[in-house]
Number of protein chains: 4
Amino acid sequence: MTEKQENILSAALELFAEEGFKATSTSRVAKKANVSEGLIFRHFKNKEGLLEAIIQKGEEKAKLMFADIVLETEPKEVLRKTFQIKDAMAGDEKEGAFWKLQYKLKWELERYGENKMESLKVALRNAFNKLGYEEPEEEAVNLMVLIDGLATRFYLQEGFNIDSQIEFLYRKYNI
Amino acid sequence: MTEKQENILSAALELFAEEGFKATSTSRVAKKANVSEGLIFRHFKNKEGLLEAIIQKGEEKAKLMFADIVLETEPKEVLRKTFQIKDAMAGDEKEGAFWKLQYKLKWELERYGENKMESLKVALRNAFNKLGYEEPEEEAVNLMVLIDGLATRFYLQEGFNIDSQIEFLYRKYNI
Amino acid sequence: MTEKQENILSAALELFAEEGFKATSTSRVAKKANVSEGLIFRHFKNKEGLLEAIIQKGEEKAKLMFADIVLETEPKEVLRKTFQIKDAMAGDEKEGAFWKLQYKLKWELERYGENKMESLKVALRNAFNKLGYEEPEEEAVNLMVLIDGLATRFYLQEGFNIDSQIEFLYRKYNI
Amino acid sequence: MTEKQENILSAALELFAEEGFKATSTSRVAKKANVSEGLIFRHFKNKEGLLEAIIQKGEEKAKLMFADIVLETEPKEVLRKTFQIKDAMAGDEKEGAFWKLQYKLKWELERYGENKMESLKVALRNAFNKLGYEEPEEEAVNLMVLIDGLATRFYLQEGFNIDSQIEFLYRKYNI
DNA sequence: AATGAATGAGTCTTCATTCAT
DNA sequence: GATGAATGAAGACTCATTCAT
């Protein structure tokens, strides 16, 4: 992967996350990456190919994060680590942009199955089970839904204080 | 408001909700509304003017719904009615499309302040207060965030069982 | 059919006939027709749609010409009229261009069935039959093949004297 | 001439003959020849240089064929050998493609003078003269025109029975 | 000799918008 | 109020060609 290829990838990631996939023109990506427009197509074939490449690259990072949660045995730690997803979302430009892109794409393309979340659900269900919750399955789903909501607010509602809200959840879940 | 104007409005509502604002061309709106493309601009000036008109029209419906919740004094009823937002989201084509559009636009344009939700928050805070919750403000915000998450799932995750999840919440909130 | 539409059509006809279909850019057609490039697509949908429109329009002219031959009962007159196809090929800019286009397209796109020539073959076979030729079918095909050859030379070989060659054929066929 | 150079040449020959010169991209030639695109330009300078090389290589083959006809003294044999051009057109992939390319290019680029055919005309004129035809010059031209027509049909009209047509000509010319 | 990265000009096409009628 | 013709700018993508290695 040449330097220019990397430039394209990260320029596109930021622009897609900021403006959306359709709304971002390949010419703007090229300009931001300081690259001729044609090069995008030579390397990624399509605008979609470009998107695919971005996603695939990020997916690996995501898997690592989930793996860390899934392997955790201490139930409270599972919950705590789950809430730390927020740190990824608020991470450096590239990491944060990637997570924002995930949600943007969900809404724009209605693509991206939740199946890759399945392992997280299993981990959460186990954790809630161990913690004695009566409906661990529902609790797990509920928590994941809540995280989608938090992401929505975090990315879209200017001034939303996600930290205080997460602290509240720490208290609520007693962790 | 002539019939053709209405046609344009509802055609645009559906298309914007389905495909997104940018991705929907005025020509497709015109075709779906059985109207010449020029007419859109005569009536709404802009593509954005068209969006504005849709939003404004829907806003009124939304206000009515929130008003009903805000005026409610029985705290458990406040919660129950809040969860009934789901029925609106699952409503007939136009109502459902309108709510979907709200979220789509949030992500696409990152516009639409939450201020119109402020009244709902107040109502929920009061309700949680009356119900003896220790942190009514945080509980209110938490519930609203949860609703955003539920909407995300409802619209995007094929096969998501929102009803069972809401029933779970009924139990959780003991209503 | 507005004036601009006609302009597009005849500009395209000339350019396609001169340079070929693929080699002619829609932007050059637009420029030659004094028209915005977009208009081509509004009226003809595609570059191919434009070609289709040209062909269909010319096809009618061709049918008329063949009809005149087919209805002729005097066999020598049938042959004479067949050779008059040359006058069409050498006709005014539009007519000449149309016939040239036919051959260009044959070679460029390998499209255009000969079935529309079938009626001409029948007429020629009958004529040769009446004139006592022993193999009227083969004579008919041979003459049509010869005409393809003449067209090839007429359009491509600078300085080819088609008239003297046709006069020779008049003598050969004794007409 | 290295092996890769040969690969390029024959890949280009086939593609040009199949799709036309303009319609064939250098990238497709490179792909078909299993060669980097740059190599085409290193060896042939231009896309046109590539064409030139193909033509020049083929020209030699053509000269050999014509030479055989020209040196023939028996007039009927001259005619017979002329009709055997068909065997070259129907020859193996490379030989057939080369002849098809000749005609394709005639129509696409309107290049390729007939002067290289001049020697064939002389041979035919002599033959017709010896055979006692009254207008040997015109007969010669006529036959060559006919061959262009036969080529047109052979390459473009699916199902055209060129053999039966040539047999008919054998009878007609009494050879 | 050979590659593969890189480019700039050009291709077809779509889009929001204007205007005469 | 309503149409449909018309446009200019921008969109994704392709192409012949160059150049460093």
Side-chain angles (χ1 to χ4, degrees), chain A residues 1-5 7-8 21-30 33-50, chain B residues 1-5 7-8 21-30 33-50, chain C residues 1-5 7-8 21-30 33-50, chain D residues 1-5 7-8 21-30 33-50:
Chain A
M1 178 100 56
T2 70
E3 202 196 325
K4 299 218 171 187
Q5 245 176 110
N7 288 160
I8 292 170
F21 175 66
K22 284 225 171 155
T24 301
S25 73
T26 49
S27 97
R28 285 195 58 205
V29 173
N34 263 106
V35 146
S36 74
E37 203 178 347
L39 195 59
I40 294 174
F41 296 91
R42 183 152 275 280
H43 282 313
F44 304 100
K45 179 152 205 272
N46 267 22
K47 202 185 164 189
E48 259 189 62
L50 177 56
Chain B
M1 177 101 57
T2 69
E3 201 196 325
K4 299 216 169 187
Q5 261 179 90
N7 286 159
I8 292 171
F21 175 67
K22 283 231 172 154
T24 302
S25 71
T26 49
S27 100
R28 284 195 60 202
V29 174
N34 264 107
V35 147
S36 75
E37 207 177 344
L39 196 58
I40 293 174
F41 294 88
R42 167 158 274 285
H43 282 314
F44 304 100
K45 178 150 201 273
N46 261 348
K47 201 186 166 188
E48 257 187 66
L50 176 57
Chain C
M1 176 101 56
T2 70
E3 200 196 324
K4 299 217 170 188
Q5 247 176 106
N7 287 160
I8 293 170
F21 175 67
K22 286 227 172 152
T24 302
S25 74
T26 50
S27 98
R28 285 195 58 203
V29 173
N34 263 106
V35 147
S36 74
E37 204 177 348
L39 195 60
I40 293 174
F41 296 89
R42 182 152 276 282
H43 282 315
F44 303 101
K45 180 152 202 271
N46 267 14
K47 202 186 165 189
E48 259 191 60
L50 177 55
Chain D
M1 177 103 55
T2 70
E3 200 196 326
K4 298 215 171 188
Q5 258 178 94
N7 286 160
I8 292 171
F21 175 67
K22 284 230 171 157
T24 302
S25 72
T26 49
S27 101
R28 286 195 57 202
V29 173
N34 264 107
V35 146
S36 76
E37 206 177 344
L39 195 59
I40 293 175
F41 294 88
R42 166 159 273 286
H43 282 314
F44 304 100
K45 176 147 203 271
N46 262 349
K47 202 185 166 190
E48 257 187 65
L50 177 55

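Lettering follows sequence order; numbering is per chain, from 1. Computed from a predicted model, the values in this text were never measured in an experiment.
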So, B/Glu37 and B/Thr26: side-chain donor and acceptor under 3.5 Å apart, yes or no? yes
Determine, stepwise, if the pair D/Lys22 / C/Lys22 fulfils side chain to side chain contact (heavy atoms under 4.5 Å, CB included). CA-CA 8 Å; D/Lys22 284 230 171 157; C/Lys22 286 227 172 152; 5.5 Å; no
If you round to the nearest 0.5 Å, how far is CG of D/Asn7 from CG of D/Leu39? 10.0 Å
Defining pairs by Watson-Crick or G-U wobble geometry with both distances under 3.5 Å, how would you list the stems of DNA chain E with at least three pairs each?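 Looking at DNA chain E, the stems formed by three or more consecutive pairs are E:2-21 with F:2-21.
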Which nucleotide wins on minimum distance to the side chain of [X], given the candidates [options]?
| X | options | result |
| --- | --- | --- |
| D/Thr26 | F/dT17, E/dA1, E/dT11 | F/dT17 |
| C/Thr2 | E/dT14, F/dA6, E/dA6 | F/dA6 |
| C/Ser25 | F/dA6, E/dT11, E/dA5 | E/dT11 |
| B/Arg42 | E/dC12, F/dG1, F/dA6 | F/dG1 |
| B/Ser36 | E/dA2, F/dA2, F/dA16 | F/dA2 |
| D/Phe41 | F/dT7, F/dA16, F/dG1 | F/dA16 |

Contact nearer the 5' end of DNA chain E, comparing B/Lys45 with C/Ala23: C/Ala23
Return whichever of C/Lys4 or A/Lys22 has its heavy-atom-nearest nucleotide of DNA chain F closer to the 5' end.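 Residue closer to the 5' terminus by nearest nucleotide: C/Lys4.
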On DNA chain F, nearest-nucleotide positions of D/Glu37 versus A/Ser27: which is more 5'? A/Ser27
It should be established whether B/His43 places a side-chain nitrogen or oxygen under 4.0 Å from OP1 or OP2 of nucleotide F/dA2. yes
Does C/Asn46 make a side-chain N or O approach to OP1 or OP2 of E/dC12 shorter than 4.0 Å?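 So the side chain of C/Asn46 is outside the cut-off, no N or O lying under 4.0 Å from OP1 or OP2 of E/dC12.
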Between D/Lys4 (side chain) and D/Ser36 (backbone), is there a donor-acceptor pair under 3.5 Å? no
Atom-to-atom span, [atom1] of [X] to [atom2] of [N] - whole angstrom:
| X | N | atom1 | atom2 | answer |
| --- | --- | --- | --- | --- |
| D/Leu50 | F/dT17 | CG | P | 10 Å |
| C/Arg28 | E/dA9 | CZ | P | 19 Å |
| D/Ile40 | F/dT17 | CD1 | C1' | 11 Å |
| D/Gln5 | E/dA1 | CD | P | 7 Å |
| D/Asn34 | E/dA1 | CG | C1' | 16 Å |
| C/Leu39 | E/dT14 | CG | P | 14 Å |
| A/Lys47 | F/dC13 | NZ | C1' | 12 Å |
| B/Phe44 | E/dT17 | CZ | P | 14 Å |

Side chain to side chain, B/Thr24 and B/Val29, heavy atoms closer than 4.5 Å: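 Heavy-atom side-chain distance check passes, below 4.5 Å.
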Please find the pair of heavy atoms, one from [X] and one from [Y], that lie closest to each other, and give the distance.
| X | Y | result |
| --- | --- | --- |
| D/Phe44 | D/Ile8 | CE1-CG2, 3.7 Å |
| A/Ile40 | A/Ala30 | CD1-N, 3.9 Å |
| D/Lys47 | D/Phe41 | N-CE2, 4.2 Å |

